Amino acid sequence: MANQIDGKKISAQIKEELKERVTAMEAEGKKVTLAVIQVGKDPASSVYVGNKKKACAYIGIHSLSYELEEETSQEELLALIEELNGRKDVNGILVQLPLPSHIDENRVIRAIRPEKDVDGFHPESVGKLCIGQPGFVSCTPAGIIQLLKRSGIEIAGKECVVIGRSNIVGKPMALLLLRENATVTVAHSKTENLKEVTKRADILVVAVGKPKMITKEYIKEGAVVVDVGIHRNEENKLCGDVDYDDVWPVCSAVTPVPGGVGPMTIAMLMSNCVESAGGWFSGSEPV
Ligand code: NAD
């Protein structure tokens, strides 16, 4: 029978710690400012941006909001990023993805100065993670490490399997688990005998993007299962990549959807913002 890993509670703890930290920084005359850029009016992006601004307000991070027209050219967006790169009062820059198809996302990600890259997507940030130097780490995998640590789950020496190899979840997740001294396997769409691979896992992180794909047949008795997926099912209810009710009796701990990984992503973004203003790197130390 599994313990439920409570992402809501742990993310709330992190936000409280950050709030205290920001208050202390303010007393020293340091202000934390995040610039948030959204191009177009994609409804899902608007919800994400709104949640990020709300979290900033709660913690005491000043947010600057840039809501640009869908037709904004790549040059205009790059010019805005350049201006924000040069502003001393702006610590972090976040460009909400996806961008309209006429804008090259990689070009935009590369334009953000690595010191302000609070999403951790810049090639320099990814490279630093790869070679073990402090830098910004992609928020979702960084949040998963915090979920595990703060739930008292040992990572060092464990067999960890990550399903998914995306740039924002699977790959940085594998690198972070490696940094925590786990033995790491990355499975993906071309992996053969997936069940045999996942059944080796003491810790299984699922970022496959397929609703309820992972059932108990994929899981070793007593494993810890982390579900990154977010989907809406036929009844418009949220569900993950893992069939929670099916795996629950088999594993020792599992993250629910909602209330697992999701809330951690924003908490870690806030943590990166505080770092960007001269705090510390959650990538290298627990917040
Ligand atoms: P993605 O589509 O970029 O990557 C999916 C990965 O799964 C790919 O690397 C692919 O190789 C692998 N895959 C696909 N089918 C497979 C199969 N049958 N067997 C094994 N591997 C297979 O997705 P992503 O951006 O990494 O996101 C994954 C999920 O996590 C999505 O549901 C997404 O919505 C969710 N997500 C949640 C958060 C959060 O904050 N909770 C953040 C990012 C993504």
Side-chain angles (χ1 to χ4, degrees), residues 4-12 14-15 42-45 47-52 54-55 94-99 105-106 109 118-121 126 129 136-148 160-177 184-201 204-215 217-219 225-233 236-244 254-272 282:
Q4 182 167 287
I5 298 175
D6 192 343
K8 247 179 158 171
K9 189 167 135 204
I10 295 172
S11 66
I14 291 175
K15 284 196 245 170
D42 173 62
S45 291
V47 172
Y48 291 137
V49 166
N51 288 340
K52 287 168 188 176
K54 235 190 266 168
L94 183 149
V95 179
Q96 184 64 42
L97 302 178
L99 289 167
E105 272 184 11
N106 286 325
I109 289 169
V118 285
D119 257 337
F121 295 164
V126 179
L129 171 62
F136 291 115
V137 175
S138 179
C139 301
T140 301
I144 291 171
I145 295 291
Q146 287 300 309
L147 267 187
L148 294 171
C160 294
V161 176
V162 179
I163 318 182
R165 57 176 164 183
S166 69
N167 289 341
I168 60 166
V169 187
K171 281 183 202 150
M173 187 74 250
L175 289 167
L176 281 175
L177 290 166
V184 184
T185 304
V186 180
H188 48 78
S189 52
K190 301 283 185 285
T191 298
E192 291 181 3
N193 306 320
L194 183 63
K195 284 180 190 162
E196 279 173 33
V197 175
T198 58
K199 277 205 140 180
R200 293 206 302 263
L204 178 65
V205 179
V206 187
V208 70
K210 302 217 165 11
K212 294 193 179 184
M213 175 179 143
I214 299 304
T215 53
E217 290 77 30
Y218 289 82
I219 297 188
V225 178
V226 177
D227 187 355
V228 186
I230 311 178
H231 312 275
R232 284 207 179 267
N233 67 13
N236 204 30
K237 273 174 121 181
L238 287 176
C239 73
D241 290 345
V242 174
D243 187 338
Y244 184 93
V254 60
T255 63
V257 178
V261 173
M264 295 301 292
T265 300
I266 289 195
M268 298 317 288
L269 173 69
M270 297 298 109
S271 174
N272 280 353
S282 68

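Keep in mind that this is a model prediction, so the values were computed, not measured. For the single chain, residues carry numbers from 1 onward in sequence order. In listed order, ligands and their atoms are each counted from 1.
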Output the distance between atom [atom1] ([X]) and atom [atom2] ([Y]), rounded to the nearest 0.5 Å.
{"X": "Met264", "Y": "Ile266", "atom1": "CE", "atom2": "CD1", "value": "12.0 Å"}
{"X": "Lys199", "Y": "Glu217", "atom1": "NZ", "atom2": "CD", "value": "7.5 Å"}
{"X": "Lys195", "Y": "Ile214", "atom1": "NZ", "atom2": "CD1", "value": "9.0 Å"}

Among all protein non-hydrogen atoms, which one is nearest to [atom], and what is the separation to 0.1 Å?
{"atom": "atom 44 (C) of ligand 1", "value": "Val169 CG2, 3.9 Å"}
{"atom": "atom 34 (O) of ligand 1", "value": "Ile230 O, 3.8 Å"}
{"atom": "atom 30 (O) of ligand 1", "value": "Val228 O, 3.4 Å"}
{"atom": "atom 40 (O) of ligand 1", "value": "Thr265 OG1, 2.7 Å"}
{"atom": "atom 20 (C) of ligand 1", "value": "His188 O, 3.1 Å"}
{"atom": "atom 25 (O) of ligand 1", "value": "Ser166 OG, 3.9 Å"}
{"atom": "atom 10 (C) of ligand 1", "value": "Ser189 N, 3.9 Å"}
{"atom": "atom 8 (C) of ligand 1", "value": "Arg165 N, 4.0 Å"}

Near Gly229, which atoms of ligand 1 are under 4.0 Å from a heavy atom of that residue?
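In order of numbering, the contacting atoms are 29 (C), 30 (O), 32 (O), 35 (C).
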Item checked: Numbering as shown, the atoms of ligand 1 that approach Gly209 to under 4.0 Å (heavy-atom distance) ->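 In order of numbering, the contacting atoms are 28 (C), 29 (C), 31 (C), 32 (O).
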Mode of Met264 contact toward ligand 1 - side chain, backbone, both, neither (heavy atoms, under 4.0 Å):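 The answer is neither.
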Mind checking whether Val208 contacts ligand 1 via backbone (N, CA, C, O), side chain (CB onward), both or neither, at a 4.0 Å heavy-atom cut-off?
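Near ligand 1, Val208 shows its backbone as well as its side chain.
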Is there a heavy atom in [X] that sits closer than 4.0 Å to ligand 1?
{"X": "Thr191", "value": "no"}
{"X": "Ala187", "value": "no"}
{"X": "Met213", "value": "yes"}
{"X": "Gly262", "value": "yes"}
{"X": "Lys190", "value": "no"}

Minimum heavy-atom distance between [X] and [Y], given as atom pair plus value:
{"X": "Ala187", "Y": "Leu194", "value": "CB-CD1, 3.6 Å"}
{"X": "Leu269", "Y": "Asp119", "value": "CD1-OD1, 4.1 Å"}
{"X": "Thr255", "Y": "Gly260", "value": "CB-CA, 4.1 Å"}
{"X": "Val161", "Y": "Val197", "value": "CG2-O, 3.6 Å"}
{"X": "Pro258", "Y": "Leu238", "value": "CB-CD1, 3.9 Å"}
{"X": "Ser138", "Y": "Phe121", "value": "OG-CE2, 3.6 Å"}

Q: Counting heavy atoms only, name the option from Lys210, His231, Met268, Lys171 that's nearest to atom 15 (N) of ligand 1.
A: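 The residue whose heavy atom sits nearest atom 15 (N) of ligand 1 is Lys210.
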Worksheet item: Taking atom 42 (C) of ligand 1 as the point of reference, which of Thr140, Ile163, Val186 owns the nearest heavy atom?
Response: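 Residue with the shortest heavy-atom distance to the ligand atom: Thr140.
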Between Ser166 and Val169 (side chain of the first, backbone of the second, donor and acceptor by atom type, cut-off under 3.5 Å), is there such a pair?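 At least one qualifying donor-acceptor pair exists.
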Greater than 12 external heavy atoms within 6.0 Å of Lys171's NZ
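For Lys171, atom NZ is crowded (more than 12 foreign heavy atoms under 6.0 Å).
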Exercise for review: Walk me through it: do Leu175 and Leu177 pass the test side chain to side chain contact (heavy atoms under 4.5 Å, CB included)?
Suggested key: CA-CA 6 Å; Leu175 289 167; Leu177 290 166; over 6 Å; no
Worksheet item: Would you say atom 2 (O) of ligand 1 touches the protein, meaning some protein heavy atom is under 4.0 Å from it?
Response: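 No, there is no protein heavy atom closer to it than 4.0 Å.
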